[in-house]
Peer 1: 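Shown below is the structure under consideration.
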Amino acid sequence: MTETAQENAGVRTVNNFLREQIAEDVRNKTYGDAPIQTRFPPEPNGYLHIGHAKAICLDFGLADEVGGKTNLRFDDTNPEKEETEYVESIQKDVRWLGFDWEKLCYASDYFGQLYEWALQLIRAGQAYVDDLSAEEIRQYRGTLTEPGKDSPYRNRSVEENLDLFTRMKGGEFPDGSRVLRAKIDMGSPNLNLRDPVMYRILHATHHRTGDEWCIYPMYDFAHGQSDSIEHVTHSMCTLEFADHQPLYRWYIEQLGIFPSHQFEFDRLNLTYTMLSKRKLLQLVQENRVSGWDDPRMPTLSGIRRRGFTPEAIRAFCASIGATRTNGTTDIEMLEHFQRDDLNRRASRAMAVLHPLKVVIDNYPEGKEEMVEVQNNPEDASAGTRQVPFSREIYIEQDDFREVPPPKYYRLSPGKEVRLRNAYFVTAKSVVKDATGNVIEVHCTYDPASRGGNSPDGRKVKSTMHWVSAKHAIDAEIRLYDKLFLKPDPYDFPEGGDLFDNLNPNSIEILTGAKLEPSLASAKVEDRFQFERVGYFCLDPDASPGKLVFNRTLPLKDTWAKIEKKAGA
RNA sequence: UGGGCGAUCGUUCAAUGGUAGGACAAUGCCCUUUGGAGGCAUUUAUCCAGGUUCGAAUCCUGGUCGCCCAGCCA
C-alpha cells in the first residue's frame, strides 16, 4: 500500500503526481525557503459545482499539507459574464467546504500592472495593435493543419502601437475595432502561440472596476502574471489548459517576472451529472430547476441544500485523487462517501413516508407510553430519546402485504414482526376500501415484548419503523432522483438535445408523511437518518408551522434488489 | 489531417525496473432490534506488436484507440 495516507476519520487519501511534484520542489528548494503558494482561481460567472470541489481540495489541500498558502482569486477579466452575486456565492461555498484563503484577490486588482506590462511588451516590439476584424483574425489564424499568416498590421512601429494602444484604453475606439496581440509565431503548430490576443475593447461595466476600463486583458495575458504577482509556485488547472502552458511561460519569461509554474490535472466527470457552467446557467434561466441551489443541481449550493456534507465531499475528493487521464467517476462513489459520513453522524428518527394505519386491538384504548430509542446506534454518545407509542400507529405501506411474496419478511396476515424499540405485533385482519385496497391492518401485540424482545427468546425476521398516529406530525417530503436519465447526459441522438435527457421524475413531493414528534424541532440543514428509509435534512423552505424535508439519499435497499430480481 | 496529452479489474485510483493492490460496483455467505451498518469470500485488468533487461504496467521503437486545441470566453 503506497497511500501517502493520512488516514483520519475514514478519509483515505491516495497519492498523486501533484503532491509528488510539490514534495520534490520542497525537497529541492526550487523556490528557496518561501512557502508553497497555490491559488483557486474561479471566474465569477456562475456557482461552484462538485467539479470545482476537486480543484479546491487540491489547491488548498496540497498547499496545506506542506505548510503552504492558498489564495482565492477571482479571474474576473470578462465583465460581460461576471457578477457580484457569483463572487459572494463562491466565497460562501469555499468556506462551507471547509477552506479559508490566505488572501482574497481579483485579477481586476492587477489591471493597472497588466496594462504596464502590455506597454512593456509593445516597447520591446513583442506586441502590436491589430485592426483586423474578429472574422479576419480567425481567417489569418490558419487551421489545425495549415499555418496562419501575418496580419498586415503586424509590423507597425513601436510609436504607432503605443499611440493606438493608449487610445484604445482612452476609449476612442468602438468594441471589436482593434485588439492588442502578442507577436509570437503565426506558423506555430500550437494555435495559442499564433499571435494571441492580449487585450480587447469592451465598453462594459465591470462588477468591481465599473467604467474605469474599456479594454480588458484576455485570460492568457492575465492568469500567469496574476500567479506571478502572488508568487504562486504551483498553479494547478485542468487538462484543457495544457496547450496554454507555452504561452503562460512566454509571458512570464518576456516580462522577467516571478516564475510560477502551471500543472494540469484531469477535470472531474460524474455519471448522470452535467458540469458545464454554461448549461447549468441555462437550466436556471429556463426554470428547469428552481435555482442554482435546487437540490438536484450538482452545484455546491445545490448539494448542500440536498443535505450533502463538506466532510463527505472532501473524503470523496481525497479518494479520487488527480491524474492526467480523463475518465468518468461513478456517481455511486460520491454517494458512498456521503452515506458513510451520515451513517456515522446523523441522528436517527422514525418517519413514515406512505402511511398505513395499524390498530393494535389488544392494546388498551387511551393508553400511551414512551419507549426509549437510541439516537444513533453507531454512536452511543449520541444518547437516547423518548418516543410515544399508542394503540393506533402508522407503518409504511410497503411494510404490509396481504399476500406476501417469497422472502418477504415484513408484516402479513398471521406474521409476527417487531416494531422497532417497542413490541412484537402479529397481523390479524385487514380493512379494505370499496376498491379493495387495504386501508387498515388490525394486529395484536405481546405485552411481554416491550422494548422489542420477547422473554421467551422468540425471534422475528423483521423490524419495522412506526409512528404513533395520535402523536405524529405532518411534513412535506421531497424525494430527489437523478437530474439526467443517462450515465452520459451528452448521449443523445443526432439533432437531439442535452435537455432531452432530463429526468421528468427527478423530484417527487410527498405531502402525507407522518413523523415522530421529536422532528418538530429540526433546524435547517439538520441531518437525519429516517430509519430504514434514507437520509434527510430540513429544507430552508420549512417554516414554523410547516416542516419540509429533503431526501439526501435513500438507504441501500436489499429488498428492492431481491424484488427486482424476482420480477425479472 | 498539425500539435499536445493519455491508455491498469465494469468504474476509479495505486504499484516510481522486483509478489499487479485498494476503493466503488457486482455476486455469495455470516451477522444484525434499520433487508441499514458491519464481517468474510468470490469474479474481473496492465491497448497491440516488437525490443532492452536476470527481471517490464513501468524504459525504448512502431502501431491502435481516446481526449484537448482553429473565442476579441475562462
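Every heavy atom of this structure was used, including side-chain atoms; hydrogens, water molecules and symmetry mates were not. On a predicted model such as this, the values are computed, not experimentally measured, just so you know.
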Peer 1: Has Asp557(A) got a side-chain atom pairing as donor or acceptor with Ala560(A)'s backbone, closer than 3.5 angstrom?
Peer 2: yes
Peer 1: Side chain of Arg410(A), base of G35(B): donor and acceptor closer than 3.5 Å?
Peer 2: yes
Peer 1: Can you name the atoms? Protein N/O to nucleotides 17-20 of chain B N/O, anything below 3.5 Å, with the distance.
Peer 2:
none

Peer 1: Would you tabulate the pairs of protein nitrogen or oxygen atoms and nucleotide nitrogen or oxygen atoms of nucleotides 6-8 of chain B closer than 3.5 angstrom?
Peer 2:
none

Peer 1: Can you list everything that forms a side chain to side chain donor-acceptor pair (under 3.5 Å) with Thr325(A)? Sequence neighbours excluded, please.
Peer 2: Thr323(A)
Peer 1: Can you give one letter per nucleotide of nucleotides 69-74 of chain B, 5' to 3': B if a protein heavy atom sits under 4.0 Å from the base, S if only from the sugar-phosphate, - if neither?
Peer 2: BBSBSB
Peer 1: With 3.5 Å as the limit, what N/O pairs link the protein to nucleotides 58-60 of chain B?
Peer 2:
none

Peer 1: With respect to the phosphate group of U34(B), does any side-chain polar atom (N or O) of Lys556(A) fall under 4.0 Å of OP1 or OP2?
Peer 2: no
Peer 1: Could you go through Arg200(A) and Ile215(A), starting from their C-alpha distance and side-chain angles, then the distance that decides it, and tell me whether this counts as side-chain contact (heavy atoms from CB on, under 4.5 Å)?
Peer 2: CA-CA 6 Å; Arg200(A) 75 283 214 187; Ile215(A) 56 171; over 6 Å; no
Peer 1: Would you please indicate yes or no on a ring centroid separation below 6.0 angstrom for Tyr423(A) and Tyr445(A)?
Peer 2: yes
Peer 1: Quick one: look up who A7(B) pairs with, Watson-Crick or G-U, both distances under 3.5 Å, and put none if it's unpaired.
Peer 2: U64(B)
Peer 1: Is there a side-chain contact between Thr329(A) and the phosphate of U11(B), meaning an N or O under 4.0 Å from OP1 or OP2?
Peer 2: no
Peer 1: Do Gln245(A) and Arg249(A) get their side chains close enough for a donor-acceptor pair, meaning under 3.5 Å?
Peer 2: yes
Peer 1: Sequence neighbours excluded, which residues qualify as side chain to side chain donor-acceptor pair (under 3.5 Å) partners of Glu172(A)?
Peer 2: Arg167(A)
Peer 1: Using a 4.0 Å heavy-atom cut-off, does Lys461(A) contact any base of the nucleic acid, only the sugar-phosphate backbone, or nothing at all?
Peer 2: nothing
